[in-house]
Protein chains: 2
Amino acid sequence: MEIKQQIRLAVDAIVFGYEKNTLYVLAVQQKYGVFKDFWVLPGGFIKDDEPLITAVKRELLEEAGISVNYLEQLNTYGDDVHRDSRGRVVSVAYFALVNPQNFVLKADTDAKDAKWFPIDKLPKLGYDHKEMVDLAHQRLKGKLTYQPIGFDLLDDEFLFSDLENLYCSILEQDIDRRNFRKKILSFGIVKETEKLVKMRASGRPGKLFKFDKDKYDSLLGENFQFEIKFA
Amino acid sequence: MEIKQQIRLAVDAIVFGYEKNTLYVLAVQQKYGVFKDFWVLPGGFIKDDEPLITAVKRELLEEAGISVNYLEQLNTYGDDVHRDSRGRVVSVAYFALVNPQNFVLKADTDAKDAKWFPIDKLPKLGYDHKEMVDLAHQRLKGKLTYQPIGFDLLDDEFLFSDLENLYCSILEQDIDRRNFRKKILSFGIVKETEKLVKMRASGRPGKLFKFDKDKYDSLLGENFQFEIKFA
DNA sequence: GCAAAAGTGTTATCAGTACACCCATGG
DNA sequence: CCATGGGTGTACTGATAACACTTTTGC
């Protein structure tokens with residue numbers, strides 16, 4: 001292994017949060033470099049002895065003080081040799097969902113400013129990060145329909161209308177309340193609790209529901225397919 | 001950018017070929033290193049000024065003399081810090097389909113031995129390449145059902161039974177011939193040619209069909225969804 | 001004429017879709 | 001009593017699933 005590469009490896013994360021019918025993306029403000037004062041996705045170079053996934057989690061903790069609920073690899077950006085003006089940088093982008101508990105950003109060790117932006121009000125992002133957000137957004141929309149990841153954006157216990165509004169607002173579609181409930185309940189992976197709460201300012205209180213992950217995992221074994229389609 | 005990483009970046013490809021109801025994977029024999037004489041996936045280190053995708057294509061040409069029909073990024077392997085005993089190597093794996101024209105392997109510049117293995121008769125592969133093959137195999141099965149990529153494994157013109165057998169053998173399911181044909185034809189992306197040929201040793205000759213990519217691309221614009229499900 | 005593969009329609013069943021009214025709460 | 005959101009059932013429709021015989025060719 002004589003040949004030395006002049007390539008550096010980084011990770012970036014597209015972190016989605018959801019609150020009040022709005023989908024948010026996490027961005028941080030650059031303090032140095034070409035993109036000083038620009039908003040970019042949280043991320044950074046990986047250490048020599050650090051697994052990729054560890055690097056992402058570390059960066060998220062350092063830059064925004066959050067830990068995420070769901071994390072998966074999205075895509076590796078390495079076709080544009082000049083995507084970073086400092087030299088050849090290849091970046092592995094991760095797709096993440098954060099649950100509302102972690103939605104509030106803690107003070108960050110890196111002294112960078114971290115902030116949630118509604119996805120349709122994102123500022124101009126540095127590097128090719130807009131491209132990453134777009135891809136992640138597509139993935140989110142796609143996965144919502146064939147994997148129960150929506151629950152990772154909600155509280156542990158939620159109203160059925162929360163789930164419905166989440167699907168409705170992220171997929172930008174109207175949903176029939178009765179059909180939606182029928183479909184979700186037919187999977188048997190969401191269970192009703194006994195708690196009746198009034199979460200809204202007005203209206204009748206609703207029951208809280210929980211995602212039954214164990215049940216889902218066990219169903220996965222036997223030809224079970226989660227899928228939500230709409231009219 | 002003072003800190004220098006000691007990480008090297010490679011690409012690997014899982015290339016699928018299909019012939020006579022059998023799914024094949026391309027492997028090459030290592031001539032040097034720890035895995036000397038082991039079979040591994042085609043791949044290698046990328047050059048400093050080389051896009052990832054170019055690196056994959058180059059390696060495939062060098063090591064097996066083939067160019068592929070379909071190529072997409074699969075996953076980046078960088079969580080196991082010791083996946084390569086020579087040091088920290090992160091590898092971007094690509095998923096590729098080759099059409100039958102390129103199925104015959106040409107002499108390779110790298111003097112490595114390249115060979116097609118039926119997927120269920122793969123030899124032990126070096127590194128974490130078995131893991132890559134498994135993931136790619138899963139992706140292939142999945143994509144077959146919701147994207148028309150099966151055509152990339154077939155000749156430009158094919159018998160309907162070829163397509164049916166491909167789905168049938170890769171997905172390991174029985175298919176009802178009439179329902180399958182009805183479904184595929186209903187999409188309008190496969191057109192019948194006037195050619196009647198006898199491709200088989202015996203039996204009635206069949207019409208040749210072609211995948212109409214332009215039609216597919218135009219349909220994609222408008223809420224069209226390719227999907228094949230089975231009983 | 002026999003073996004092998006191509007070609008072709010109809011019916012039954014199930015899942016998806018459309019749709020509207022009553023209930024519980026707060027103000 | 002009014003506004004707001006929660007909760008519920010049925011009938012229609014369209015897609016999927018099951019199913020078997022006839023045709024063309026080579027030998």
Side-chain angles (χ1 to χ4, degrees), chain A residues 19-21 144-146 154-155 157-169 171 173-210 219 223-231, chain B residues 19-21 144-146 154-155 157-169 171 173-210 219 223-231:
Chain A
E19 206 171 53
K20 304 231 181 69
N21 293 354
L144 266 186
T145 70
Y146 65 89
L154 290 176
D155 241 313
E157 297 187 323
F158 51 87
L159 295 174
F160 223 98
S161 59
D162 288 331
L163 187 63
E164 186 193 321
N165 289 331
L166 183 144
Y167 271 85
C168 186
S169 58
L171 297 180
Q173 294 192 29
D174 288 337
I175 294 176
D176 180 279
R177 189 150 34 112
R178 282 173 291 189
N179 293 339
F180 181 75
R181 175 185 280 246
K182 208 186 307 173
K183 186 72 172 290
I184 295 280
L185 291 178
S186 76
F187 294 139
I189 57 175
V190 169
K191 61 184 183 204
E192 192 171 320
T193 70
E194 291 307 311
K195 299 169 203 164
L196 202 66
V197 295
K198 49 176 183 1
M199 302 282 290
R200 321 286 185 189
S202 71
R204 172 176 170 178
K207 285 220 188 77
L208 287 177
F209 290 79
K210 272 182 89 129
L219 283 173
N223 56 308
F224 167 76
Q225 178 69 352
F226 178 88
E227 184 164 33
I228 310 272
K229 276 193 197 154
F230 298 100
Chain B
E19 208 172 52
K20 305 231 181 69
N21 293 354
L144 265 186
T145 70
Y146 64 88
L154 290 177
D155 242 313
E157 298 187 323
F158 52 86
L159 295 174
F160 222 96
S161 60
D162 288 331
L163 186 63
E164 186 193 321
N165 288 333
L166 183 145
Y167 271 85
C168 186
S169 59
L171 297 179
Q173 294 192 28
D174 288 335
I175 294 175
D176 180 278
R177 190 149 32 111
R178 283 174 289 190
N179 291 340
F180 181 75
R181 176 185 279 247
K182 208 185 308 171
K183 186 71 171 289
I184 296 280
L185 290 178
S186 76
F187 293 140
I189 58 174
V190 169
K191 60 184 181 202
E192 193 171 319
T193 69
E194 291 308 310
K195 299 169 202 161
L196 203 66
V197 294
K198 48 178 188 354
M199 304 282 289
R200 321 287 185 190
S202 71
R204 171 176 171 177
K207 284 221 188 79
L208 287 177
F209 289 79
K210 271 183 90 127
L219 282 172
N223 56 308
F224 167 77
Q225 177 71 351
F226 178 88
E227 187 164 28
I228 309 272
K229 276 191 193 153
F230 299 99

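In this text the structure is predicted, and so the values were computed from the model without any measurement. In what follows, every chain begins at residue 1, and chains take the letters A, B, ... in the order their sequences are listed.
In this structure, the CZ atom of A:Phe160 is 22 Å from the P atom of C:dC23, given to the nearest Å. Regarding B:Glu227, its CD atom lies at a distance of 11 Å from the P atom of D:dA17, rounded to whole Å. Taking atom CD1 of residue B:Ile184 and atom P of nucleotide C:dG7, one finds them 14 Å apart after rounding to whole Å. Across the protein-nucleic acid pair, A:Leu185 atom CG and D:dG9 atom C1' stand 14 Å apart, rounded to whole Å. In this structure, CG of A:Leu208 is placed 13 Å from C1' of D:dG6, rounded to the nearest angstrom. Straight-line distance from the CZ atom of B:Phe180 to the P atom of D:dA15: 19 Å, rounded to whole Å. One atom, CG of B:Leu159, and another, P of D:dT25, lie 14 Å apart when rounded to the nearest Å. Spacing between atom CG of A:Asp176 and atom P of D:dT8 amounts to 14 Å, rounded to whole angstrom units.
Closest approach of A:Cys168 and A:Ile175 over heavy atoms only: N-CD1, 3.6 Å. Between A:Phe226 and A:Leu144, the shortest heavy-atom contact is CE2-O, 3.6 Å.
Of the candidates D:dT25, C:dG9, D:dG9, the closest approach to any side-chain atom of B:Asn179 belongs to C:dG9.
Side-chain atoms of B:Asp176 come within 3.5 Å of backbone N or O of B:Arg178 as a donor-acceptor pair. At least one donor-acceptor pair under 3.5 Å links the side chain of B:Lys183 to the backbone N or O of B:Glu227.
Remark: A:Lys210 engages A:Asp156 in a salt bridge (Lys or Arg N to Asp or Glu O under 4.0 Å) (not counting sequence neighbours).
Against DNA chain D, the stretch residues 195-204 of chain A makes heavy-atom approaches under 4.0 Å through A:Arg200, A:Ser202, A:Gly203, A:Arg204.
Under 4.0 angstrom from either OP1 or OP2 of C:dG16 there lies at least one side-chain N or O belonging to A:Lys183. OP1 or OP2 of C:dA6 sits under 4.0 Å from a side-chain N or O of B:Ser161. For the OP1/OP2 pair of C:dA6 and a distance below 4.0 Å, the side-chain nitrogens and oxygens of B:Lys207 include no atom meeting the criterion. Look at B:Arg181 and you'll find a side-chain N or O under 4.0 angstrom from OP1 or OP2 of C:dT8.
Put simply, the side chain of A:Arg178 and the base of C:dA20 share a donor and an acceptor less than 3.5 Å apart.
Atom NZ of B:Lys198 has 12 or fewer heavy atoms from other residues, nucleotides or ligands within 6.0 Å.
To the nearest 0.5 Å, atom CG of residue B:Leu159 and atom CZ of residue B:Phe209 are 8.5 Å apart.
Residue whose closest nucleotide on DNA chain D sits further toward the 5' end, between B:Arg177 and B:Lys229: B:Lys229.
As judged by a 4.0 angstrom heavy-atom cut-off over every strand, B:Lys182 is placed among the base-contacting residues.
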